[in-house]
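Below: one structure, written as structure tokens.
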Number of protein chains: 2
Amino acid sequence: MPDDTTGVYFALFLEAGIIDQIGRAFLEKRLPGGLLTSHFGVVSHLIRVRDGVTPLELARAFQVPKTTMTHTLAGLETHGFVETRPNPADRRSKQVWLTEKGRRFRDDAIAAMAPLFAELERRFPLDKAQAMLPHLTAFREVVDRLRDEMD
Amino acid sequence: MPDDTTGVYFALFLEAGIIDQIGRAFLEKRLPGGLLTSHFGVVSHLIRVRDGVTPLELARAFQVPKTTMTHTLAGLETHGFVETRPNPADRRSKQVWLTEKGRRFRDDAIAAMAPLFAELERRFPLDKAQAMLPHLTAFREVVDRLRDEMD
DNA sequence: TGTTTTTAATTCGATATCGCACTATAAAGT
DNA sequence: ACTTTATAGTGCGATATCGAATTAAAAACA
């Protein structure tokens, strides 16, 4: 495998990292004090996908260690954005449910980001973004599976 | 702006974040104890781009706060992977130079990642990766500029 | 059924990350 | 030249992140 080959995949991870970093910084500057991208991410996931999921499922969705998710959920619960209830199907486990306050937090954050997305659309046209998304998703899916398998 | 529009850009950040997360976890599992992606990233940058750059330039390259870069560089210096010298052109500033040990650290890390990239190439063909990279880079460049301008 | 192994979550300790405030120097404006 | 403003880097405190070990419950298996 030529060095260039490695370079391309390497560059993809590098670009993803910088995009993530900028996105986080931008979002966090617009979140209420003490709240981070991790908090927003979880609440957003509970709305986008569904709530009532377990902490472990959330940890897997974001590919973070369980212990990190425990911590993030504790913060969200302190803020009253989620509540956890026992999982009726498994007494080791919990379910995470959104509160009204949590939904409002997410709506406010999205509203605060709207100007960015508007400007972004002006500079990186929607059709280009739409064209790229499925490829990036496919790459993520491959990497995701690879992680499970290569440990 | 329809909600879907926001959704596409939003999804791009989300995918980037997960790819970054998986890449970090994978790399860090293969780095010597106490060394993180941040350390590898800086050393790698000093080789890929050039060394002798200032801490601030590095902070900008990775879009992290200056104070984070100070900390990362301190760790690298402790490990003997870089050394910092006064900047002859500006007495407030420094220059960061690689050591032989630093180059070896980077080479070893890349070698440890090789199996991943090899398997990755099997599952996500090189031509697709090559096709996607310039678009992702373009997106990063736009977001990067936007960050500077929208504060 | 009883034992062993796996799984969900948490606690704890180490370190990374980051914002704020500060110092030193440089650059800009008068 | 002198004052003002901007810039490079650091110290400190708060909190996030993560790995290792632990506990409780479930699943696998004898």
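Each chain gets a letter, A, B and so on, in the order its sequence line appears, and its residues count up from 1.
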Pairs under 3.5 angstrom only: tabulate donor-acceptor contacts from the side chains of residues 132-139 of chain A to other protein residues two or more places apart or in another chain.
{"from": "A:Thr137", "atom 1": "OG1", "to": "A:Leu133", "atom 2": "O", "distance (Å)": "3.0"}
{"from": "A:Thr137", "atom 1": "OG1", "to": "B:Glu15", "atom 2": "OE2", "distance (Å)": "2.8"}

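A cation-pi contact, defined as under 6.0 Å to the ring centre and within 45° of the axis, links A:Arg30 to A:Phe26. For the pair A:Arg103 and A:Phe105, the cation does not sit on the ring face, since its NZ or CZ is not both under 6.0 Å from the ring centre and inside 45° of the axis.
For the pair B:Met69 CE and C:dG19 C1', the computed distance is 16 Å after rounding to whole Å. Taking atom CD1 of A:Ile22 as the reference point, atom P of C:dC18 lies 13 Å away to the nearest angstrom. Distance, B:Leu27 CG to D:dG19 P: 12 Å, rounded to whole Å.
An OP1 or OP2 oxygen of D:dT17 is reached within less than 4.0 angstrom by no side-chain nitrogen or oxygen of A:Gln63.
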Indicate for each nucleotide in nucleotides 8-16 of chain D, in 5' to 3' sequence, whether protein heavy atoms under 4.0 Å reach the base (B), only the sugar-phosphate (S), or nothing (-).
-> BBBBB---S
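At least one side-chain heavy atom of A:Arg85 sits under 4.5 Å from a side-chain heavy atom of A:Trp97.
B:Asp107 pairs by the salt bridge (Lys or Arg N to Asp or Glu O under 4.0 Å) definition with nothing, not counting sequence neighbours.
Between A:Arg24 and A:Arg91, the one whose closest nucleotide on DNA chain D sits nearer the 5' end is A:Arg24.
Between the side chains of A:Glu77 and A:Thr84, at least one donor-acceptor pair of N or O atoms lies under 3.5 Å.
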